[in-house]
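Worth saying up front: this structure is predicted, and the values here are computed from it rather than measured.
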Amino acid sequence: MLWRRGKYEMASRARLFKEYKEVQREKAVDPEIQLICDDSNIFKWTALIKGPSETPYEGGVFQLALVVPEQYPLQPPQVRFLTKIFHPNVHFKTGEICLDILKTAWSPAWTLQSVCRAIIALMAHPEPDSPLNCDSGNLLRSGDIRGYQSMARMYTRLAAMPKKG
């Protein structure tokens, strides 16, 4: 069993190292995402993602924590928001994200970079029918788009934008 675990871990490390090199090459290509690998642990990453334009998150920079399992890419990374965000598919306290590709629809074809892109897409297109933040989901489900956008903008200003002065 130990041998098998070690084999998975080596394959994961090789895959993550390849992704790390790719991220270094693509920095200028994808300015919405900045992926940073922990200096001492290739299984821990941080991402800074820009809020998508024409959404209440525009202008914000959101920090994500990514913890990669030793069975990666056969199993998805655990990803959560470290920055507070008002979004139906993000748990307000824990930052947990409800996104199918991080659970049942995971495929080894996904990379950490493409996971971040999927999270940005989720920010722009929330799914209020599977909420982790019921307040946010209820606003959208009841048709109170203005109320949702107002709250989301307020939290973006408070938590995801640099303080002035």
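To the nearest 0.5 Å, the span separating SG on Cys134 from CZ on Arg141 amounts to 7.0 Å. Going from atom NE2 of His125 over to atom CD1 of Ile120 covers 11.5 Å, rounded to the nearest 0.5 Å. To the nearest 0.5 Å, the span separating OG on Ser12 from CG on Leu74 amounts to 7.5 Å. Taking CG of Leu35 as the reference point, atom CD1 of Ile49 lies at 10.0 Å (rounded to 0.5 Å). Of the inter-residue distances, the one linking Leu66 atom CG with Tyr72 atom OH reads 9.0 Å to the nearest 0.5 angstrom. Put simply, CD on Gln113 and CD on Glu32 are 10.5 Å apart, with the number rounded to the nearest 0.5 Å.
Under a hydrophobic-cluster definition in which Ile, Leu, Val, Met, Phe, Trp and Tyr are linked whenever side-chain heavy atoms come within less than 4.5 Å, directly or via other members, Phe86 and Val61 are assigned to different clusters. By the rule that hydrophobic residues join a cluster once side-chain heavy atoms approach within less than 4.5 Å of another member, Leu102 and Phe92 end up as members of one cluster. Using a 4.5 Å cut-off between side-chain heavy atoms of Ile, Leu, Val, Met, Phe, Trp and Tyr, with links allowed through other members, Val67 and Ile101 fall into different hydrophobic clusters. Both Phe81 and Met151 are assigned to one and the same hydrophobic cluster, defined by single-linkage of ILVMFWY side chains at heavy-atom distances under 4.5 Å. Linking Ile, Leu, Val, Met, Phe, Trp and Tyr whenever their side-chain heavy atoms come within less than 4.5 Å leaves Leu48 and Met161 in two separate clusters.
With hydrogens and angles disregarded, a donor-acceptor distance shorter than 3.5 Å links the side chain of Thr156 to the backbone of Pro56. A donor-acceptor contact shorter than 3.5 Å is absent between the side chain of Ser53 and the backbone of Glu58. With hydrogens and angles disregarded, a donor-acceptor distance shorter than 3.5 Å links the side chain of Glu19 to the backbone of Leu112. Not one N or O on the side chain of Asp100 forms a donor-acceptor pair closer than 3.5 Å with the backbone of Ala105. No donor-acceptor pair closer than 3.5 Å links the side chain of Thr83 to the backbone N or O of Ala159.
No side-chain heavy atom of Leu99 sits less than 4.5 Å from a side-chain heavy atom of Asn89. In this structure the side chain of Arg13 reaches within 4.5 angstrom of the side chain of Phe43, judged on heavy atoms. At a threshold of 4.5 Å between non-hydrogen side-chain atoms, the residues Glu127 and Asp129 do not count as touching. Counting heavy atoms from C-beta on, the side chains of Trp110 and Arg117 never come closer than 4.5 Å. For the pair Phe17 and Cys37, the minimum side-chain heavy-atom distance is 4.5 Å or more. At a threshold of 4.5 Å between non-hydrogen side-chain atoms, the residues Met123 and Ile85 count as touching. You'll find the side chain of Ser136 stays beyond 4.5 Å of the side chain of Leu139, heavy atoms only.
Here Leu132 pairs with His91, Glu96, Cys98 under the side chain to side chain contact (heavy atoms under 4.5 Å, CB included) rule; sequence neighbours left out.
Minimum heavy-atom separation, Gly137 to Pro131: CA-CB, 4.2 Å. Residue Pro77 comes nearest to Pro69 through the heavy atom pair CA-CD, 3.8 Å, listed as atom of the first residue, atom of the second, then distance.
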Please determine whether side chain to side chain contact (heavy atoms under 4.5 Å, CB included) holds for the pair Ile36 and Trp45, giving the CA-CA distance in whole Å, both sets of side-chain angles, and the decisive distance to 0.1 Å.
CA-CA 6 Å; Ile36 305 138; Trp45 294 64; over 6 Å; no
Applying side chain to side chain contact (heavy atoms under 4.5 Å, CB included) to Val90 and Asn133, what does each step give before you reach the verdict?
CA-CA 6 Å; Val90 180; Asn133 178 332; over 6 Å; no
Chi angles and distances behind the side chain to side chain contact (heavy atoms under 4.5 Å, CB included) call for His87, Leu122:
CA-CA 9 Å; His87 188 284; Leu122 181 68; 3.9 Å; yes
Give the C-alpha distance, both sets of side-chain angles, the deciding distance and a yes or no for side chain to side chain contact (heavy atoms under 4.5 Å, CB included) between Leu82 and Leu64.
CA-CA 5 Å; Leu82 295 177; Leu64 303 172; over 6 Å; no
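No more than 12 heavy atoms of other residues, nucleotides or ligands lie within 6.0 Å of OH in Tyr20, so this atom counts as exposed by the packing criterion. Counting heavy atoms of neighbouring residues, nucleotides and ligands inside a 6.0 Å radius, atom CG of Asn41 exceeds 12 of them. Under a cut-off of 6.0 angstrom, the local environment of NZ in Lys44 is sparse, with at most 12 non-hydrogen atoms contributed by other residues, nucleotides or ligands. Atom NZ of Lys93 sits in a sparse spot, with 12 or fewer heavy atoms from other residues, nucleotides or ligands closer than 6.0 Å.
A cation-pi contact, defined as under 6.0 Å to the ring centre and within 45° of the axis, is absent between Lys50 and Phe62.
Side-chain contact, Asp144 with Ser142: no donor N or O sits under 3.5 Å from an acceptor N or O.
Taking 4.0 Å as the cut-off between side-chain N and carboxylate O, Lys18 and Glu22 do not count as a salt-bridged pair.
Remark: aromatic rings of Tyr155 and Tyr57 are distant, center separation not under 6.0 Å.
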